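Take a look at the structure below.
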Amino acid sequence: MSHKLSIGIVGLPNVGKSTLFNAITQAGVASENYPFCTIDPNVGVVSVPDSRLDGLSSLSGSVKVLPATIEFVDIAGLVKGASKGEGLGNQFLSHIRSTSVIAHVIRCFDSDDVTHVHGCVDPLADYDVIMSELILADVSVCEKLLETYQKKLKQDKSVQAIIDVLSFLFDRLSNGMSIRNCDLNEDQLDLISSFQFITQKKHCFVANVSEDLLHDDNDYVKQLKDFANKDNTDVIVVSASLEQECAALSIDEKNDFLNELGVTSSGLDQLCLVCYSLLNLQTYLTTGPKETRAWTITKGMTAPQAAGVIHSDFQDGFIRANVIGYDDFVSCGGFKQAKDQGLLRQEGKDYVMVDGDVVEFLFNV
């Protein structure tokens with residue numbers, strides 16, 4: 001099956017969340033300086049940056065180039081009490097449950113022009129408000145699930161295993177622990193996989209700084225990174241205002257602009273890399289006269305499973321895969337030349353895909 005990757009952009013009001021979303025997706029949603037300017041979730045589907053596609057397309061003379069995509073969801077600013085419906089809490093919580101990864105946008109800049117919802121900039125206090133609300137929301141869900149399964153227990157003793165893990169989670173959540181830190185085994189994870197607990201999701205921090213502080217971490221960023229290091233969480237440092245400036249530029253102009261500032265990668269580039277890593281994803285490539293395309297798969301997938309991402313018939317009727325690494329493909333100049341030089345491999349059903357594989361699948365319908 002194909003992987004739909006969605007990133008929920010969350011944070012307190014006025015941390016730069018919607019500004020960052022605008023810049024990444026160029027969707028132009030409201031980002032005025034007041035709470036709750038983003039009332040409904042704003043969704044933008046963006047292309048995953050991958051320079052390999054242009055090289056393949058040029059060699060193959062492709063009519064179309066189809067990159068992998070990520071869906072970004074800008075979710076209404078969270079406030080204390082959201083789990084009980086304060087602010088736009090109920091909407092926030094329902095929309096965040098459907099995302100793959102949570103990107104916590106944390107304000108790490110001072111500004112007299114942009115008011116802070118709590119009156120002062122404090123990254124860890126801001127994050128604590130968000131996590132407290134997410135934990136409380138999961139407590140509520142866990143409690144309701146326990147009631148439901150305890151009623152089912154009279155007719156179905158097999159649900160005791162679910163009750164046991166929910167009871168364990170309820171205890172941990174009630175003591176302020178997120179589910180991702182509960183050290184669950186595979187069987188327990190399988191039992192709760194359909195419940196969409198928010199604090200079970202992978203997450204990362206996006207430290208929003210002023211443009212002039214991108215190269216040197218200020219005290220706020222250092223504080224956040226120290227905390228993240230103990231929590232084993234990635235931190236991406238961006239300037240949402242700079243990203244917004246870049247949004248109006250062409251790709252070449254954007255690259256030139258970032259190079260002048262000494263910025264090696266955009267916020268979108270960094271977010272994509274981190275989220276692919278968090279979700280254990282990688283990319284393989286197909287190319288030909290009609291199209292060059294990037295396909296997202298889970299690391300460890302075999303060739304037939306990867307073929308199934310294109311169409312189930314490819315997996316069911318899999319014969320073999322003609323495979324060559326991207327660098328070899330480019331240096332040879334295409335499939336035919338790679339075959340002539342003995343670099344095109346024929347791989348069977350047990351072959352485990354590698355990021356950057358350029359593939360032709362052979363199959364019976």
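Along the sequence shown, residues carry numbers from 1. Values in this document were obtained by computation on a predicted structure and should not be read as measured data.
For the residue pair Gln305 and Thr302, a side-chain donor N or O sits within less than 3.5 Å of a side-chain acceptor on the partner. A side-chain donor-acceptor contact under 3.5 Å links Ser18 and Asp74. Asp269 and Ser266 form a side-chain donor-acceptor contact under 3.5 Å, judged by distance and modelled atom types alone. No donor-acceptor contact under 3.5 angstrom links the side chains of Thr199 and Ser178, judged on distance only. No hydrogens or angles considered: nothing links the side chains of Thr283 and Trp295 as a donor-acceptor pair under 3.5 Å. In summary, the side chains of Ser57 and Thr292 do not present any donor paired with an acceptor at a separation below 3.5 Å, with no hydrogens or angles considered. Side chains of Arg345 and Tyr351: a donor-acceptor N/O pair is present below 3.5 angstrom, by distance only.
Both tests hold for Lys152 against Tyr149: distance to the six-membered ring centre under 6.0 Å, angle to the ring axis within 45°. Taking the ring centre of Phe318 as origin, the terminal cationic atom of Arg320 falls outside the region bounded by 6.0 Å and 45° from the ring axis.
Using modelled atom types, one side-chain atom of Gln188 and one backbone atom of Asn185 make a donor-acceptor pair closer than 3.5 Å. A donor-acceptor pair is defined here as one N or O able to donate and one able to accept, closer than 3.5 Å; no such pair exists between the side chain of Asn255 and the backbone of Asp252. For Ser331 (side chain) and Asp327 (main-chain N/O), a donor-acceptor pair under 3.5 Å exists by modelled atom type.
Under the 4.5 Å side-chain heavy-atom criterion for Ile, Leu, Val, Met, Phe, Trp and Tyr, Val235 and Leu124 are members of the same hydrophobic cluster. Hydrophobic clustering keeps Phe361 apart from Leu344 (ILVMFWY residues linked when any side-chain heavy atoms are closer than 4.5 Å, directly or through intermediates). Using a 4.5 Å cut-off between side-chain heavy atoms of Ile, Leu, Val, Met, Phe, Trp and Tyr, with links allowed through other members, Leu56 and Ile297 fall into different hydrophobic clusters. Hydrophobic clustering (side-chain heavy atoms under 4.5 Å, transitive across Ile, Leu, Val, Met, Phe, Trp, Tyr) groups Tyr127 together with Ile7. Criterion: ILVMFWY side-chain heavy atoms under 4.5 Å apart, direct or through other members. Under it, Leu66 and Leu281 are not part of a common hydrophobic cluster.
Residues Phe363 and Asp313 approach most closely at CD1-O, 4.1 Å, considering heavy atoms. Between Ser132 and Asp128, the shortest heavy-atom contact is OG-O, 2.7 Å. Listed here is the closest heavy atom pair of Thr233 and Asp231: OG1-OD2, 2.8 Å. Nearest heavy-atom pair, Lys151 versus Gln155, reported as atom, atom and distance to 0.1 Å: O-OE1, 3.6 Å. Among all heavy-atom pairs drawn from Glu243 and Leu20, the shortest one is CG-CD1, 4.1 Å. For the pair Val221 and Cys108, the tightest heavy-atom approach, listed with the atom from each and the gap, is CG2-CB, 3.9 Å.
Separation of the Phe329 and Phe335 ring centroids falls under the 6.0 Å cut-off.
The local environment of NZ in Lys201 is crowded, with over 12 non-hydrogen atoms from other residues, nucleotides or ligands closer than 6.0 Å. Counting heavy-atom neighbours within 6.0 Å of Asn259 CG, excluding the residue itself, gives a total above 12. Counted within 6.0 Å of CG on Asp219, heavy atoms from surrounding residues, nucleotides or ligands total 12 or fewer; the atom is thus considered open. Shown here is Asn232, whose CG atom has no more than 12 heavy atoms of other residues, nucleotides or ligands within 6.0 Å. The environment of CG in Asp156 is crowded: more than 12 heavy-atom neighbours from other residues, nucleotides or ligands sit within 6.0 Å.
Ring geometry, Phe205 versus His104: the interplanar angle falls from 30° to 60°, so the pair is classed tilted. The aromatic rings of Phe314 and His311 sit tilted, their planes meeting at an angle between 30° and 60°.
Under the 4.5 Å side-chain criterion, counting only non-hydrogen atoms from C-beta, Glu360 is not in contact with Val323. Within the 4.5 Å cutoff, the side chain of Asn364 has heavy atoms near those of the Ile319 side chain. A heavy-atom distance below 4.5 Å is not found between the side chains of Lys202 and Ile102. A heavy-atom distance below 4.5 Å is found between the side chains of Cys246 and Phe257. Looking only at side-chain heavy atoms (C-beta outward), Val105 and Val10 stay at 4.5 Å or farther from each other. Using a 4.5 Å cut-off on side-chain heavy atoms (C-beta onward), Leu145 and Val141 make contact. Side chains of Pro67 and Val48 form no contact here, defined as non-hydrogen atoms less than 4.5 Å apart. Phe227 has its side chain out of reach of Pro123: every pair of non-hydrogen atoms, C-beta onward, lies at least 4.5 Å apart.
In this structure, CD in Glu133 is found 10.0 Å from CG in Leu12, a value given to the nearest 0.5 Å. Here the straight-line distance linking atom CD1 of Ile324 with atom CG of Leu285 works out to 12.0 Å at 0.5 Å rounding. With rounding to the nearest 0.5 angstrom, the SG atom of Cys142 is 6.0 Å from the CG atom of Leu173. Atom OG of Ser100 and atom NE2 of His203 lie 15.0 Å apart (nearest 0.5 Å). Separating the CD atom in Gln200 from the CG atom in Leu184 is a distance of 7.0 Å, to the nearest 0.5 Å. Remark: Ile198 CD1 to Met131 CE distance equals 9.5 Å, nearest 0.5 Å.
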Next item on the list: Would you sort out whether Asp355 and Arg52 count as a salt bridge (Lys or Arg N to Asp or Glu O under 4.0 Å), showing the intermediate values?
Entry: CA-CA 11 Å; Asp355 186 76; Arg52 297 174 297 192; 3.2 Å; yes

Next item on the list: Could you go through the ring pair (Phe, Tyr, Trp, His ring centres under 6.0 Å) check for Tyr326 and Tyr284 one step at a time?
Entry: CA-CA 9 Å; Tyr326 168 78; Tyr284 77 84; over 10 Å; no

Note to self: side-chain contact (heavy atoms from CB on, under 4.5 Å) for Val358 and Asn322? Distances and angles first, verdict last.
What the structure shows: CA-CA 8 Å; Val358 184; Asn322 294 330; over 6 Å; no

Item checked: Intermediate values then yes/no, side-chain contact (heavy atoms from CB on, under 4.5 Å), Leu271 and Cys204 -> CA-CA 9 Å; Leu271 264 175; Cys204 63; 4.1 Å; yes

Next item on the list: Decide salt bridge (Lys or Arg N to Asp or Glu O under 4.0 Å) for Asp217 and Lys225; before the verdict, give the C-alpha distance in whole Å, the side-chain angles of both, and the deciding distance to 0.1 Å.
Entry: CA-CA 9 Å; Asp217 291 346; Lys225 282 187 174 180; 2.8 Å; yes

Next item on the list: Given side-chain contact (heavy atoms from CB on, under 4.5 Å), test Val46 with Thr69 step by step and report yes or no.
Entry: CA-CA 5 Å; Val46 304; Thr69 59; over 6 Å; no

Next item on the list: Would you sort out whether Val15 and Asn208 count as a side-chain contact (heavy atoms from CB on, under 4.5 Å), showing the intermediate values?
Entry: CA-CA 7 Å; Val15 298; Asn208 184 20; 5.9 Å; no

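Taking 4.0 Å as the cut-off between side-chain N and carboxylate O, Asp226 and Lys230 do not count as a salt-bridged pair. Between Arg97 and Asp138, at least one side-chain N (NZ, or NE/NH1/NH2) sits under 4.0 Å from a carboxylate O, which counts as a salt bridge.
Just one of Leu166, Leu153, Leu191 meets the side chain to side chain contact (heavy atoms under 4.5 Å, CB included) condition when paired with Val159; it is Leu153.
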